[in-house]
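Down below is the structure, laid out as structure tokens.
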Amino acid sequence: MESCIQKIATIGVIGAVIIFLTLEAVVAGETPENKYMSMSIQQLMNIKVTSVSKTEEALSDSAAAIYVITQEDIRRSGVTSIPEALRMAPGVQVAQIDANKWAITARGFNDKYANKLLVLMDGRTVYTPLYSGVYWDVQDTILEDIDRIEVIRGPGATLWGSNAVNGVINIITKSAKETQGLLLAGGAGNQERGFGEARYGGRLGNLSYRFYGKGFYRASYPYGKIAEEETHGLVRSGDDADDHWASGRGGFRADWQDNRRNSLTLQGAIYTGYSDGQDNLITNEELGVFENKANLNGGFFLSKWKHKFVNDQELTVQFYYDRTKRQQVEFGETRNTLDLDIQQTLKLPFRQKAILGFGYRYSSDDTEGIEAFHMDPEDKILHWISGFIQDEIHLIPKKLTLTIGSKFENNDYTGFEVQPSVRILWKPTQRHIFWAAISRAVRTPCRGDTSFVAHAANTSFEAQYGPFKIPAVWQAYVNGHDDFKSEKLIAYEMGYRVMPWKDFSLDIATFVNDYDDLRTFSLISRKQEIEWNGPLPEKVYITDWYHFENHQSGQTYGVEVAATLRLKKYWTLYSTYSWMNYHLHYDSDTTHILTSPSELSPRQQFSIRSYLDLPYNLEFDSAIYYSDGLDGYDVPAYTRVDLRFAWKPFSNTEASLTIQNLLDNQHPEFGGRDDGIVPSEVPRSFYFKTTVKF
Amino acid sequence: MAFGKNCKFIFAIIPLVILTLLLDTGQCFVPKEYEIKAAFIAQFVPFVKWPDSAHSDRPFIFAVVGEDPFGNALRPVEKEKFKGRKAKLKYFRSWKDLSRNIDVLFISRSEQNHIKEILEKIKGSPVLTVSDIRGFAKDGGMIEFVNRDGTIHFIINIAAVKKAGLEMNFQLLELADKVLGK
């Protein structure tokens with residue numbers, strides 16, 4: 001109770017300060033001033049007027065559960081990384097494991113190695129075929145250059161392909177045309193120890209370009225109770241987790257356009273850095289906590305050419321090369337990916353719009369492990385060939401649209417996979433939209449499912465054998481195998497969007513996901529040998545073999561709500577609520593030993609964000625994120641409050657103070673037991689930032 | 001109860017609520033959009049030539065007709081000189097009170113149903129008309145503000161400018177998104 005009072009007092013003080021500042025500002029406002037008065041017309045034409053609020057736009061016309069995180073959202077939420085920005089979307093579960101690791105998923109099945117979410121940056125797939133998940137510690141760019149993040153919950157496999165099972169996240173950066181001039185930003189705080197960004201955008205005739213560089217160093221988080229329990233006391237709650245994170249990155253983007261028929265985009269970036277952390281491992285000899293620092297290097301090059309034919313049909317050809325190199329203490333992966341995508345839109349009779357697509361991806365990896373943890377084979381080349389067709393039929397123009405389509409994809413593990421979908425959108429008036437969809441998606445096997453080999457042993461424990469307590473040697477082998485099947489989903493979705501008033505909009509989506517062949521990790525055989533000393537047992541040798549299998553199936557279902565309320569011209573509230581539940585069951589003959597997915601994602605999540613424009617170019621933004629606890633990891637429910645104050649003394653300069661996780665000294669969001677890492681807790685933090693644009 | 005940490009949650013909102021109340025009772029402030037539009041209006045003047053005969057003996061008058069969206073944002077023009085004359089602001093509550101004895105006229109959105117009457121009233125006088133009412137330039141106004149990609153641009157009806165006996169520098173025409181009546 002005392003801590004509660006303390007917090008109330010803290011908040012009260014902060015509130016009082018804000019009010020005082022506001023009063024001060026209002027009183028000081030006697031002498032009228034308009035700082036734009038001295039600007040030239042050209043300069044005036046470049047100033048962004050307060051961004052268009054979401055309610056002012058028409059309701060999204062897509063027959064899917066989509067949420068858009070805008071540049072304004074990113075700026076005003078004060079987040080400093082892409083994974084943190086995703087907290088704003090409904091139906092997305094974001095849990096931080098340590099200072100540089102996240103478990104992120106949509107509609108459940110969360111884990112550090114969550115594998116049912118497809119993440120793309122400007123059309124480049126950033127999930128790794130190693131575990132079908134995303135290394136969030138290397139997905140970054142200058143956040144000011146992100147135009148928007150489109151978060152689609154539910155399968156997007158028809159358009160995007162395998163892995164788009166529970167959701168698709170599209171991170172879309174601004175065109176170089178929109179990032180002209182010089183931007184300098186930098187700041188520091190107690191966790192964000194220092195960060196800096198520089199970007200310069202220019203123009204040469206029809207060619208716009210930008211170059212950028214960015215670097216940051218983030219301090220480590222403290223351990224909490226979960227880490228203490230999971231390591232049997234080897235680490236103490238409150239101790240420093242040594243999970244620092246630092247990275248440097250440089251890149252460019254160029255956009256060229258000729259007479260509006262052809263456009264070409266070229267992009268590239270390279271990065272280097274490290275993310276530190278602690279592994280919780282059972283090795284041959286002991287149970288221990290070991291530093292596992294990952295050295296990160298990589299880069300990509302992407303080109304995208306668009307041609308518009310006279311009849312507005314469009315051809316897009318996209319090619320990219322992506323390289324990642326990740327060197328951890330006991331495991332290293334170097335991966336080279338080449339990807340070609342071709343899309344053609346067609347206008348067909350009877351108000352039909354079709355898209356045809358073809359794709360080829362090549363991904364070669366080169367892994368290095370140790371006997372206790374490696375891939376077999378160590379190196380592998382994977383190929384994907386895919387085609388898709390989607391037809392949008394406007395049954396009643398602007399009112400009723402039917403979209404049918406399917407992706408056909410061939411992969412090296414399970415061969416040919418078909419992922420069709422049917423979607424219908426009904427827009428009785430401009431202010432009401434109903435949609436429904438049925439789709440099938442698969443999560444195809446990854447290297448981890450098929451090639452992962454691990455060996456763990458514990459030589460120093462005692463086993464009960466009849467009446468005797470005797471020394472035991474326990475060994476476990478994990479073998480990936482090629483019989484692993486795709487995880488399959490048939491999703492039934494329905495949604496309703498409504499804008500009852502100009503200043504209020506509501507988006508409701510519901511789903512029932514029917515899964516089959518979900519991954520399980522089970523003991524498939526056990527051998528016990530006893531060493532006898534005469535009539536007495538002296539030592540027992542236990543050897544276990546584990547496999548990844550497909551022995552879980554069942555349903556998940558849920559509701560996601562997003563609301564936008566524009567109370568005043570200068571005050572907007574955004575709120576989201578998500579609820580979901582699981583009905584999963586194991587096949588009768590299986591013994592899954594890891595935590596069930598149903599215990600690793602919160603049932604309920606809730607958020608409110610408030611953006612308030614104050615007089616004299618001040619902004620006060622706040623956000624509250626609530627999440628239910630996780631049974632699987634003893635993570636209690638938490639409420640996180642972030643505040644941001646910003647001031648624009650000049651139209652090109654912004655200074656801000658962001659306070660994150662105001663209410664807690666620290667709180668856990670995820671555990672590390674199943675993934676062999678020691679989790680740390682999210683502490684209270686603050687940072688100052690200054691941004692200048694010329 | 002789902003929100004176990006209820007107390008925190010509520011107290012985080014309190015400063016917000018107080019703030020809003022405060023803002024509501026206090027004076028309203030001008031949206032950035034109109035600060036910028038006010039600056040535009042002042043910046044247009046150097047690009048426009050008024051006939052020599054036009055009231056050079058009185059101050060240069062910026063007028064607003066209808067509900068004033070600018071608040072204090074237009075005030076700073078009174079500190080400056082335009083065409084060698086001191087500037088003054090004039091506000092007309094309704095189009096009915098409108099005088100022809102002005103140099104620049106901004107027509108507020110509240111008057112969007114009276115554009116015809118307003119233009120009729122100042123017909124033949126050298127008054128630069130500016131508005132952000134949609135279709136203003138097409139309806140015979142001179143400069144219409146338009147929003148494009150979140151920034152403010154403008155359209156010019158050059159025929160209307162000439163008709164009023166004003167001249168406009170080509171540089172301003174080049175900056176316009178569209179020039180009507182060429």
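Per chain, numbering begins at 1; letters A, B, ... match sequence-line order.
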Consider ring pair (Phe, Tyr, Trp, His ring centres under 6.0 Å). Of B/F47, B/F145, B/F70, B/Y34, which one does B/F40 pass it with?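 Single ring pair (Phe, Tyr, Trp, His ring centres under 6.0 Å) partner of B/F40 among B/F47, B/F145, B/F70, B/Y34: B/F145.
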Hey, what's the ring geometry for B/F154 with B/F44, parallel, tilted or perpendicular (30° and 60° as the breaks)? perpendicular
Structural part of B/I41 lying under 4.5 Å from a heavy atom of chain A: neither
Which bit of B/A42 comes within less than 4.5 Å of chain A, counting heavy atoms only: side chain, backbone, both or neither? side chain
Can a salt bridge be assigned to the pair B/R85 and B/D103 using a cut-off of 4.0 Å between side-chain N and carboxylate O?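 Salt bridge flag = yes for B/D103 with B/R85.
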Part of A/M45 within contact of chain B (heavy atom distance under 4.5 Å): both
Determine the sole option in A/R76, A/K693, A/R75 for which the salt bridge (charged side-chain N to carboxylate O under 4.0 Å, His left out) test with A/E654 is passed. A/R75
